[in-house]
Amino acid sequence: MRLYEFEANGLFARKGIPVPRNAVVTSPQEAREKAEEIGLPVMLKAQVLTGGRGLAGAVQAAESLDQVDRGTESLLASSVRGLPVQQVMVAQKVDVAKELYLGVTIDGYRGTPVVIVSSEGGVSVNQLVMEQPKSVAMRPVSISKGLHLAEAREMCREVGMKGHEVTPVASMLTALYRVFESYDCLVAEINPLARTTQGKYLGLDAKVEIDDSSLYRHTDLNLDVEGRIDNPRERKGREIGVTYVELDGDIGLIASGAGLGMASMDIIKQKMRPANFLETGGGITAELLYNAMDLVMQKEGLRAVFINIYGGINPIHEGAKGVGKYIKEHNVSIPVVAKALGNRQEETWEIFREHGVHVVTDISTEKAIEYLAGLLEATA
Amino acid sequence: MSILLNRETKALIQGITGRVGQSQTRWMLEYGTNIVAGVTPGKGGWVVEGIPVYDTVAEAVAEQGAEASVFFVPPQGVKEAAIQTIDVGIKLIVVITEHIPVHDVMEIREYATDSDVQIVGPTSPGIITVGEAKLGIMPGNMFKPGRIGLISRSGTLTYEVSVNLATAGFGQSTAVGIGADPVVFTNVTELLRLFEEDPDTDLVVLVGEVGGMQEEEAAEYIKKSMTKPVVAYIAGLNVPQEKRMGHAGAIIQGDGRGTAQSKVSALQEAGAEVAQFPAEVVRLVQKRLTSS
């Protein structure tokens, strides 16, 4: 789960990473008040869960209270990469002498945390690695031992930092590692880390993503998990316990696994267009598939629903009952095509058929989707 | 004997008394798995499907000689259970559990590096040595005995590909689902190595998906060290950037790595055949087996 900048700043503060004075506001009036408290000039920063805010015009400097007013108003009325801006951060503007980069992430293949330092900053770490590889130091860290200050110092020296620079940056890096470690982060990044003209070090932007599977042990952070999902149907998916991603087509999709769902999307895409991706994982019940049907059917202009499920851990016969119940209660008139294989497949097919679902017993998803396409052509 | 598991392997079921543990134990027994014990802390003395249940793994090993274990343990309990299981010297652990915090996975992985345990998962459908035994949740009727090794990052796609292969007459030696999390205990390359050395396997089918670097690393290994043919399918050609498609590992970052296209190119360069769609795997397997 990606955190807003202001939330990430909150975690930074807990571990001793300094950031410019700031406040989060939801109206121009409030922005004015906070700007007066903080002192002009200030930066106005749209709080949205996407990168590249600077390029998108979602970060602006304001020299006067009038500018604060107008800037906040225009930001609150705008969207950044399709995400509406609901909150704006008012932050003290600092005079930057030099920008650096600090990050901690996970090397998925090797299964270890990786710490990254660069003597350059303000652009993405991938760009730094590609364009200025000598400015970047990376090293894997033992998850049980953590990052020691001595290692952090070595990394700073590797990228050319000298004397007085090494200690503050290295200790900020160990603090960032503590954020990563304490809050089950997938990514924790300070970019840029600024050295001000007064020689102070401040984190000017924060990117933190927390592992969704660990949220149960961070309830004290009071993060609004569902609220940050902007698409109402994707939010609903989260609430009912499935992964729903909205796409731009008109063929609804319910799959019992992510891989199968992606493969189904790839196949549908040959001749038609998927309306969504929906993946149940291993928790199918009658209720879950009832809710999944309800969710998929919300999309307007749907022409058909394709259900692709396997009975491994999932009791697919239970799932079929939920689909049947939904069809009956809502008089579903578009074709629903199901491919269901595995444990208790025959029983599942029976239940589907009783409710008018087109059951495809062929073993390949290609064949099932071909059948669905044929149905649509016949009725067109 | 194919890889990792056979009909003699003495298996232990951790979390055997739960709803899923119980029903899956029954399916595994029916398939022929040599299950000798179950473990659920606090439920020692129970009997599930005729299998004695113990409070600790140490007791199950001492009393029944368990050698391999499959986990139906809730995510919060996996780290502790894994460490105990590694400590008593179990050689193979299969973690079915979904939604384990990735920091826990990294800790277990690091803890396991100094012992010779092979851990598969998490979020794995399990391991099946076809016609002999299975440790996991895969439906047995999707597989037929044969000489194809199957490695998959997705549970449900494992079934899709294996049932298509089996129906066309291409059975499997062993199928392994490595799991779909951002960090897994056993990488694809490790399994490629085992299949390369396995006299009962002629060809390996790799089912991958977007996200992560498994397929890219596998391609390196195939180029350098594989003599057996590899046929691959990568799911997710149509996945939009930065959208997470269910699997925590299946996310394409903005830097262009980890896309289906980069995986397809890497594998093709390494000499593997890459199918556009799951059923096409069958045709490519046929091609490679008749041409070699």
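First the proteins, then the strands, lettered A, B, ... as listed; each starts at 1. All values derive from a computational prediction rather than experimental measurement.
- Between the B:E190 side chain and the B:N187 main chain, no donor and acceptor come within less than 3.5 Å of each other.
- By number of non-hydrogen pairs under 4.5 angstrom with chain B, the leading residue of A:D184, A:D266, A:T112, A:D107 is A:D266.
- For A:E287, the CD atom is loosely surrounded, since the number of other residues' heavy atoms within 6.0 Å does not exceed 12.
- Here A:S364 is the residue among A:S214, A:S264, A:S364 with the most heavy-atom pairs under 4.5 Å with chain B.
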Margin query: Using the rule given for side chain to side chain contact (heavy atoms under 4.5 Å, CB included), can you reason through A:I307 versus A:K339, listing the C-alpha separation, both sets of side-chain angles and the distance that settles it, and then say yes or no?
Written below: CA-CA 6 Å; A:I307 299 173; A:K339 178 167 93 60; over 6 Å; no

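- The choice from A:F180, A:Y216, A:Y109 that makes the most heavy-atom pairs within less than 4.5 Å of chain B is A:Y109.
- Minimum heavy-atom separation, B:F72 to B:V20: CD2-CG1, 3.9 Å.
- Listed by sequence position, B:Q24, B:W27 are the residues of residues 21-30 of chain B in contact with chain A, using a 4.5 angstrom heavy-atom cutoff.
- The greatest number of non-hydrogen atom pairs below 4.5 Å with chain A, out of B:Q276, B:M106, B:E280, B:H99, is found for B:M106.
- Chain B forms more heavy-atom pairs under 4.5 Å with one residue of A:K367, A:M130, A:Q270 than with any other, namely A:Q270.
- For the options A:P315, A:G281, A:C185, heavy-atom pairs under 4.5 Å to chain B are most numerous at A:C185.
- Considering only heavy atoms from C-beta on, B:V205 comes within 4.5 Å of B:V207 through its side chain.
- Using a 3.5 Å distance cut-off with no hydrogens or angles, the side chains of A:S144 and A:S142 do pair a donor with an acceptor.
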